[in-house]
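Scope of the values below: all heavy atoms of this structure, side chains included, with no hydrogens, waters or symmetry mates. First the proteins, then the strands, lettered A, B, ... as listed; each starts at 1. Model, not experiment: these values are computed from the prediction.
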Amino acid sequence: MRSRLTGARHLLHVALKQDRKNIAPWIALISVLSASSVLVYDWVFPTQQSQQILQLNITANPAMSLIFGKPVDLTTADGFNAWRAGALGAFFAGLMAIFIVVRNSRAEEDSGRAELVAAAAVGREARPLVAVAVAFMASVLLGVVSALVTIAFGGGVADSVMLSATFTASAMFFAGLGIIAAQLGSDARSASTLAVSTLGAFFVVRGYIDSSGAPDWATWLTPFGWLQETRPAVDNIWWPLLLVVGVAVVLVAVGLALHSRRDFGMGLVPPRPGPARAGAVGNVWGLALRLHRPTMVSWMVGFVVLGVLLGFLANTLTDVIAQNPTIGMILASGAVSEDDLVGEFLLTMIRILGIYAAVHGVQIVMRLHAEEAEGRADPLLGGAITRATHLASHAVIAFVSTAFGMVLAGTVMGWVADATGDTIGFGDVLGQAVATIPAVWVLVGLALAVVGAKPSKRLIGWMGVVATFALTILGPLFNLDEWVLDISPLWHVPNVGATDPAWLGLVGLAVVAVFFTTVGFVGYRRRDIA
Amino acid sequence: MDSVISVAGLVKSYGTFTALRGLDLEVARGEVHGFLGPNGAGKSTTIRVLLGLLKADAGRVEVLGGDPWRDVVELHRRLAYVPGDVSLWPGLTGGEAIDLLGNLRGGLDEKRRAYLVERFELDTTKRGRQYSKGNKQKVALVAALCSDVELLILDEPTSGLDPLMEIVFQEEIEAEKARGRSVLLSSHILSEAEALADRVSIIRDGVVVETGTLDQLRHRTRTQVRATLERPPHTVSELSLLEDAQLDGLHVRGAIEAERVGEAMALLGRYGIAALTVSPPSLEDLFLRHYGEGNGADAAPPAAAGVVETPEADAGYHGRHSPPED
């Protein structure tokens with residue numbers, strides 16, 4: 001074994017040095033996610049009454065459980081943190097680990113750097129093992145930093161450590177998954193897609209289980225469920241973590257075994273010869289469609305799956321309300337009607353869809369930048385096309401694909417909701433989904449503006465999505481001022497089901513989307529190509 | 001002169017780094033123009049300005065009579081470009097890439113495409129990620145050569161090609177020239193430029209330091225003379241006509257400007273010439289002379305020319321200057 005790991009120490013040293021700046025933002029993001037909830041809790045929910053209202057609001061809106069997991073005890077700061085940062089933090093930790101592993105294994109192979117390394121006195125297993133080691137070290141560091149920061153901002157010691165440990169365990173689990181995906185995919189992009197889709201699927205299944213009133217055993221169907229079973233801030237049970245980490249180690253072993261069975265630079269499936277003539281990819285439009293097609297297909301599958309799940313959820317809502325005696329009491333008092341709860345739930349779900357669509361759109365736009373950075377824009381722009389055509393070939397796909405996704409998900413969700421019960425009608429769902437499209441386009445437009453005009457600032461494109469998510473989903477709970485909530489484009493989407501929908505919001509959104517898009521096109525025409 | 005490329009006083013900087021500081025370049029219609037210079041001299045930056053990928057900070061740039069920044073589409077229909085570091089789409093086959101790039105120039109000649117694929121022995125059914133460096137280069141070359149254009153802009157087009165393919169490339173460029181095409185050939189491979197170029201421009205630190213036909217450039221450099229004499233001179237000072245004259249028994253070596261070779265022959269003739277070698281400067285000598293200038297070294301290191309590696313060995317060069325903020 002020793003000789004197979006020769007050189008691992010040096011490689012690890014280099015990898016850590018190279019990857020530090022990529023890892024730091026993830027650790028910061030997740031730590032802030034956790035620390036911010038303990039920080040704001042006492043400030044936003046100072047009284048016992050406000051805390052109980054919070055608990056009720058969230059329990060009554062299963063769409064919240066879909067994202068954050070089942071609320072257990074929201075009447076303490078740590079309990080609130082475990083809910084708000086638990087599932088989401090584990091999700092981001094998993095993403096971090098997947099990206100670290102793929103970047104340090106598969107992407108290195110794609111770039112040819114790994115070939116230099118493989119030709120040196122380096123053992124066969126050293127390269128994948130170093131990638132996993134970097135991810136494991138980042139996982140542990142994430143746990144330590146997150147725990148310390150959360151405690152520093154007022155989190156309970158045991159509770160914060162428990163919660164942060166679930167982030168570490170999640171990152172290790174998905175590092176194991178990542179190293180397997182890195183062997184199966186034929187390049188870094190397909191390896192990431194494979195691993196991230198699996199992560200996303202686990203997350204969605206967990207969300208459905210948490211929000212649909214599924215039986216308790218169902219929690220064990222996903223690794224996120226195992227992590228929830230630690231019940232941070234309530235019971236702090238340690239042993240499920242061991243299970244997660246144990247499986248992570250097994251996954252890594254499988255990954256290493258697969259690694260030793262494949263050729264350098266290839267996936268497990270050998271590449272087949274392709275067509276000698278171009279056909280549909282013979283122009284930039286066809287090319288852009290071809291480049292984005294695999295991503296679009298997997299996202300559309302996601303839209304359908306989400307639509308089905310949310311459609312089913314729409315009808316479990318009434319059960320959830322009926323089963324919960326406290327909600328029943330509130331309803332009885334006449335402060336809120338069941339229709340209000342249903343309406344609020346529908347809005348939240350469509351907003352979630354909107355954010356999902358925006359991630360898809362921004363990803364397409366970012367691909368344009370990747371093409372430029374990898375030198376593939378040069379030969380195209382050296383041909384007889386304008387910069388505008390080149391940008392448009394990607395922009396059109398980003399706009400059309402997100403709109404199509406919203407319509408698709410809205411149709412499926414409306415159809416399932418209509419067919420399985422009478423809580424929500426088909427038209428309400430589809431109408432709301434369609435009305436959300438301009439808001440999604442604002443976020444796509446923002447990404448186009450930065451990628452087109454100032455690609456060095458392209459992170460702003462993603463920040464727009466993150467900010468929209470935070471403001472729209474959590475903002476109302478935190479009683480943020482209206483002008484702050486107004487920053488989110490989703491906040492301007494009219495409630496189609498209301499008696500007098502604020503259609504003017506759509507006009508505003510359209511104007512902003514057009515403005516951002518124009519900035520992108522004008523900027524792309526004027527700047528140097530990297 | 002009818003120019004296809006005409007550049008005067010071109011300045012381009014990236015942040016605080018100035019890549020081009022007043023570059024002048026003229027490429028006449030129908031000629032193969034060698035564009036030579038060390039790594040980082042600004043060759044690729046110049047080419048990227050000519051293609052309208054970069055915006056000139058100052059100076060006048062004209063390609064085929066148009067402004068490359070403004071008249072992108074019209075100009076690019078009439079030219080083809082091969083980058084030095086070809087990056088193909090990993091999922092597209094070579095054949096698809098050739099068709100795509102050809103169509104972007106307004107269509108490709110089917111017969112020529114088939115001929116060139118055969119000529120360069122290219123497997124067009126492989127995916128971009130499977131190609132070696134040389135094969136990626138061949139894809140770009142075939143795409144450029146099979147479109148009907150007036151001007152070929154080639155940025156180190158043969159990096160990674162094997163010697164056989166290098167010969168094919170040279171033959172195809174000769175054929176292009178015979179058909180009246182103009183070629184701007186940025187190269188590190190001096191033998192290639194020597195074989196193909198009608199005129200060359202040597203660029204250094206963002207300016208063209210020398211331009212002309214090879215003969216003109218040779219005339220500006222000294223010719224090497226070696227002789228074995230029948231009767232030795234008394235002292236080496238009798239041979240002061242030769243620069244750096246060295247005397248070792250009957251063996252003499254030195255250098256002289258090209259137009260004074262006759263005088264040198266007359267001088268040596270007085271001692272009787274038993275054997276004589278007169279070597280005109282190679283492009284390599286010219287090139288090395290310009291390399292050396294920056295280091296304050298003497299301007300004539302021809303004796304070393306044979307052992308100095310040509311810069312072609314530098315495969316890590318990415319054919320472009322990254323802006324510092326990247």
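- Here the side chain of A:R367 pairs no donor or acceptor atom with the backbone of A:I364 at under 3.5 angstrom.
- Residue B:R78: no heavy atom, backbone or side chain, is found under 4.5 Å from chain A.
- Note on B:P90, B:P68, B:A80, B:P83: by heavy-atom pairs under 4.5 Å with chain A, the leading option is B:P90.
- For chain B, the nearby parts of A:R525 are the backbone and the side chain; heavy atoms of each come within less than 4.5 Å.
- Neither the backbone nor the side chain of B:I153 comes within less than 4.5 Å of any heavy atom of chain A.
- Only the side chain of B:L101 comes within contact range of chain A, with at least one heavy atom under 4.5 Å from a heavy atom of that chain.
- The choice from B:L51, B:L92, B:L88, B:L104 that makes the most heavy-atom pairs within less than 4.5 Å of chain A is B:L104.
- Looking at A:L380, both its backbone and its side chain come within 4.5 Å of chain B, counting heavy atoms on both sides.
- Between A:H394 and A:H292, the two ring planes are perpendicular [angle over 60°; tilted spans 30° to 60°].
- Under the 3.5 Å distance criterion, the side-chain polar atoms of B:K12 are matched with a main-chain donor or acceptor of B:K55.
- In terms of heavy-atom pairs under 4.5 Å with chain A, the best-connected choice from B:R77, B:R113, B:E74 is B:R113.
- Most heavy-atom pairs under 4.5 Å with chain B, from the set A:A278, A:A377, A:G286, A:P455: that is A:A278.
- Residue A:Y524 forms a side-chain hydrogen bond (donor to acceptor under 3.5 Å, both in side chains) with just one option from A:E372, A:R387, A:H390, and that option is A:H390.
- Each of B:L75, B:L50, B:V4 was checked for a side-chain contact (heavy atoms from CB on, under 4.5 Å) with B:L151, and the lone residue meeting it is B:V4.
- With B:N103 contributing its side chain and A:G282 its backbone, the two residues share a donor-acceptor pair below 3.5 Å.
- Between B:W89 and B:E96, the side chains place no donor N or O within less than 3.5 Å of an acceptor N or O (distance only, hydrogens not considered).
- Put simply, CG on A:L184 and CG on A:L258 are 6.0 Å apart, with the number rounded to the nearest 0.5 Å.
- Interface residue B:L108: only side-chain heavy atoms are found under 4.5 Å from chain A.
- Proximity to chain B is limited to the backbone of A:R527, based on heavy atoms less than 4.5 angstrom apart.
- For A:L287, the part lying under 4.5 angstrom from a heavy atom of chain B is the side chain only.
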